[in-house]
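Not measured: the values here are computed from a predicted model.
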Amino acid sequence: MSDRRKQYPFDEIEARWQRHWEEKGTFRALSPGDPGFDPDKPKYYVLDMFPYPSGDGLHVGHAEGYTATDIVSRFMRMRGYNVMHPMGWDAFGLPAEQYAIKTGQHPRVTTDRNTDRFRTQLKRLGFSYDWDREINTTDPGYFKWTQWIFLQLYHAYVDDSGRARPIAELEKERAAACPEEGEADRRAYLDSRRLAYVAEVPVNWCAELGTVLANEEVKEGKSEVGGFPVEKRPMRQWMLRITDYAQRLLDELEVLDWPEGIKTMQREWIGRSEGAEVDFMLEGTGESLRVFTTRPDTLFGATYMVLAPEHPLVDTLTVAGQREAVASYRSEVANKSDLERTELAKEKSGVFTGGYAVNPVNDERIPVWIADYVLMTYGTGAIMAVPAHDERDHEFAQAFELPIREVVKAPGGDEAGESCFSGEGIAVNSGLLDGLETPEAKRTIIDWLEERGKGERKVNFKLRDWLFSRQRYWGEPFPILWREGKHEPLDECELPVEAPEMDDFRPTGTAEPPLAKAVEWVAYSDEAARETNTMPQWAGSCWYYLRFADPRNSESFLSPEAEQYWLNSRDQAGSVDLYVGGAEHAVLHLLYARFWHKVLFDLGYLSRNEPFHRLVNQGLILGPDSQKMSKSRGNVINPDDVIADYGADALRLYEMFMGPLEQVKPWSDRGVEGLYRFLGRVWRLFMDQNQEGEWVLSPTIVAEEPEKELNRLLHETIKKVTEDTERMAFNTAIAQMMVFVKGFTGADRRSASALRTFLILLNPYAPHLTEELNVRLSERLPGDGGDGKLELAEMPWPGHDESALAQNEVQFIVQVNGKLRDRIMVPAEIDKEALISKASASKARDFLEGELVKTIVVPGKLVNFVVRS
RNA sequence: GCCGACGUGGCGGAAUUGGUAGACGCAACGGACUUAAAAUCCGUUAUCCGAAAGGGUGUGCGGGUUCGAGUCCCGCCGUCGGUACCA
């Protein structure tokens with residue numbers, strides 16, 4: 001590129017305008033109370049998923065989503081909205097900490113360096129962020145409020161109506177209801193209801209990372225970060241009771257304007273299923289075994305039962321003769337990693353305990369097995385097996401030669417044969433249920449069970465409580481103390497709790513977090529010690545979109561005034577109007593943020609019950625080889641290089657022109673060049689180069705209105721670009737602007753006002769070039785401000801004039817039997833008779849032999865003759 | 001296996017409500033300018049038959065609905081993403 005001549009001096013232009021915007025504060029979003037705030041302007045909040053500032057710097061995928069939101073932001077500002085478009089840093093996280101371990105350099109240093117680099121890169125792309133609202137999750141002034149929100153969770157519970165309330169209210173109720181209760185019991189009861197609680201549960205321990213991970217962070221038995229093996233281990237950890245919100249997280253998803261795929265993924269992750277819990281008496285023990293089933297109508301077909309190997313009743317049930325087999329199976333399973341357990345899923349395994357249970361519906365005696373296809377973590381950790389109507393049970397029954405009894409007939413009538421039938425049908429061999437259809441049979445049997453106290457209706461969720469502590473240094477410390485083995489909250493006035501300075505960030509190799517090594521810090525007082533776990537990376541990103549509305553508030557996480565203005569759109573469920581980011585956060589960040597938002601909503605801090613009204617996922621940009629970009633493949637495109645060669649406007653425009661925003665699409669170096677050439681054509685539409693090689697305004701530009709055809713082209717372009725930008729179809733908007741440029745390039749008298757309008761249309765896409773040309777155009781046509789000084793960013797978006805689109809003659813197509821035979825030009829006001837007669841006189845007449853059945857006229861479009869030969 | 005998205009020229013893609021398939025860009029080819037090249041500008045470019053005029057075929061495959069289907073319906077095939085013993 002070095003010696004090739006530039007199409008236009010983009011480097012100089014872009015740097016200058018970026019400096020100008022920064023100095024002038026062009027894109028500052030004023031809040032209520034700010035000088036110059038206009039209360040009549042409607043607000044619009046456009047949010048990007050803020051990046052983790054990694055050492056690799058910005059990549060073209062960031063640039064894609066951020067360009068899209070920047071176009072929308074600039075567009076909406078020109079349409080009269082007060083637009084908030086902020087940016088910040090999700091800067092706690094593993095890479096900085098691992099780098100610190102390797103080099104001994106404090107993560108703060110790496111983080112600051114990386115955020116500086118990211119900020120510089122983003123500014124170089126000309127994004128219209130309000131940098132006064134920049135936030136960083138690792139700033140004490142920010143995480144003070146992350147810790148504060150944690151305390152709100154700690155001090156809250158969910159009442160019977162499903163709303164979060166202060167736990168103090170529950171404490172009062174409890175004291176009134178159980179006045180005799182001792183202090184320890186009272187405390188245990190309250191802790192069992194808190195939204196933030198401590199529990200000893202089997203958790204995902206990753207030895208390599210030296211920390212536990214949430215279910216959502218484990219993929220196929222490996223850590224999502226790094227791909228290291230993860231094992232289940234019982235550990236005492238902080239948990240958040242997200243399961244109390246399962247139903248609302250499901251229900252309140254409905255009205256959101258999100259991609260259907262993301263909604264489905266959240267629904268599946270929450271995994272609601274309706275059914276019943278049923279008690280089976282265990283023979284000879286006096287104890288009962290509770291199972292969960294979604295098909296209580298198949299109770300008569302239960303021919304055996306299965307417990308998860310970890311189930312507490314296994315020891316009670318196992319008979320002497322089976323003790324050895326059971327013990328060895330249990331230890332075999334315990335040694336399997338989650339990965340092995342799922343990989344071997346095809347082959348069913350299990351062992352008979354020797355014990356029997358009694359089916360409550362028919363008093364039948366059925367054997368109880370243990371098998372690892374039953375999970376301790378779902379339902380009750382035990383199932384009744386109905387091999388005739390459940391594939392897994394069927395497989396197991398075949399492997400161990402257990403009886404299979406059909407109790408549901410398929411509606412078609414014919415029997416399923418060898419394989420099992422798991423659909424709905426008519427109950428058979430089922431006593432009181434015989435002849436009933438499945439839904440009716442379910443209702444009947446549940447009523448029967450409930451009347452006899454042998455079972456009850458039950459809804460189960462796959463969603464588990466959120467494991468909220470990590471054994472890391474670079475995260476938010478918990479605002480919690482431990483005294484005599486009991487946790488207690490720090491007072492709000494002690495926030496933020498900052499991590500101590502340390503030289504050694506290494507994991508301890510045990511469950512003990514690195515912070516435990518800071519002995520002096522841990523010792524809060526003689527009796528009290530600080531919690532040494534830290535919060536997961538998701539904590540900071542759970543509420544950052546709220547903080548942008550009031551980023552410097554030191555008295556509160558968010559003032560009611562800012563909340564009312566920026567986060568309360570009365571006509572929609574969510575607070576943020578438009579949220580753009582990658583689909584990889586479908587069930588992590590987006591679920592956690594919804595949860596916190598609902599808690600804060602319930603506690604009265606927020607006006608809307610959902611955070612994000614409209615969500616758009618940008619598609620991945622692949623390398624030029626159509627493979628995922630990765631360092632090892634060597635197909636990574638660095639935006640810095642592209643900007644150096646072609647400029648930020650060309651990069652922005654190319655990424656928007658590649659195809660629909662949501663779609664996965666490969667990078668093409670040639671493609672960027674094409675858009676760069678387009679910008680060069682735009683430049684030369686306005687500018688000529690003189691003998692000295694200087695760019696001067698073209699003499700073809702005249703202060704007069706465009707002639708009719710060009711005026712139509714102008715208004716067609718206004719219409720199309722407006723509509724396409726509205727629906728975020730940026731690629732087709734750009735295509736139309738190319739057509740405009742082609743049309744006006746061919747004109748030797750170029751209307752200055754038409755060109756100014758065009759610059760407004762292109763401005764959100766290529767802000768630097770257009771602002772520059774606008775200034776130069778003002779020599780010929782002063783700006784709308786009267787003094788020629790008004791910038792495009794301050795101009796209103798144009799509307800199109802419908803009358804300019806009108807044409808004297810319009811084209812109709814002529815079809816015979818739906819097949820194109822000719823195109824004819826007719827007067828726009830032609831009546832139907834004349835149109836048909838003209839159409840039948842066209843080239844179509846050669847195909848009109850035979851009987852004319854009917855003639856179809858689509859106004860403004862076509863005439864179709866239907867002929868039978 | 002299940003759920004979701006998608007399948008259109010050599011390539012990226014367009015066709016918003018069923019109504020001209022291939023807008024726009026890339027690549028390729030031809031021409032202008034130039035001593036020459038680069039850059040720029042103009043033109044051609046789905047495919048088959050034909051010298052041409054013109055005609056046939058064509059949106060993954062097979063069927064259907066309709067005057068008319070890339071678009072709607074049924075059944076397949078393929079690619080990508082998610083998920084995986086959740087009873």
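Residue A/N817 places none of its side-chain N or O atoms closer than 4.0 Å to OP1 or OP2 of B/rG68. Between A/Q266 and B/rG82 there is no side-chain N or O to OP1 or OP2 distance below 4.0 Å. An OP1 or OP2 oxygen of B/rU16 is reached within less than 4.0 angstrom by no side-chain nitrogen or oxygen of A/T732. Residue A/R670 has a polar side-chain atom (N or O) positioned under 4.0 Å from OP1 or OP2 of B/rA27.
Here the closest heavy-atom approach between residue A/Q7 and residue A/W683 is recorded as O-CD1, 3.9 Å.
Comparing the P positions of B/rG75 and B/rG68 gives a spacing of 23 Å, expressed to the nearest Å. Separation of the P atoms belonging to B/rA21 and B/rU71 is 14 Å when rounded to the nearest angstrom. To the nearest whole angstrom, the two P atoms, one in B/rC67 and one in B/rG81, are 43 Å apart.
If you check every strand for non-hydrogen atoms under 4.0 Å, A/Q815 touches a base. Among the atoms of the strands shown, none is found under 4.0 Å from any heavy atom of A/K628. Heavy atoms of A/V587 sit nowhere under 4.0 angstrom from any nucleic acid atom.
Around atom CD of A/E274, no more than 12 heavy atoms belonging to other residues, nucleotides or ligands sit under 6.0 Å away.
Searching all strands for a Watson-Crick or G-U wobble partner of B/rG54 with both distances below 3.5 Å returns B/rC49.
The glycosidic torsion of B/rG31 lies more than 90° away from 0, which places this base in the anti conformation.
Taking 3.5 Å as the limit, the base of B/rG82 and the side chain of A/E268 contain no donor-acceptor pair of atoms between them. Judged by atom type and distance alone, A/K819 does not reach the base of B/rU20 through any side-chain donor-acceptor pair under 3.5 Å.
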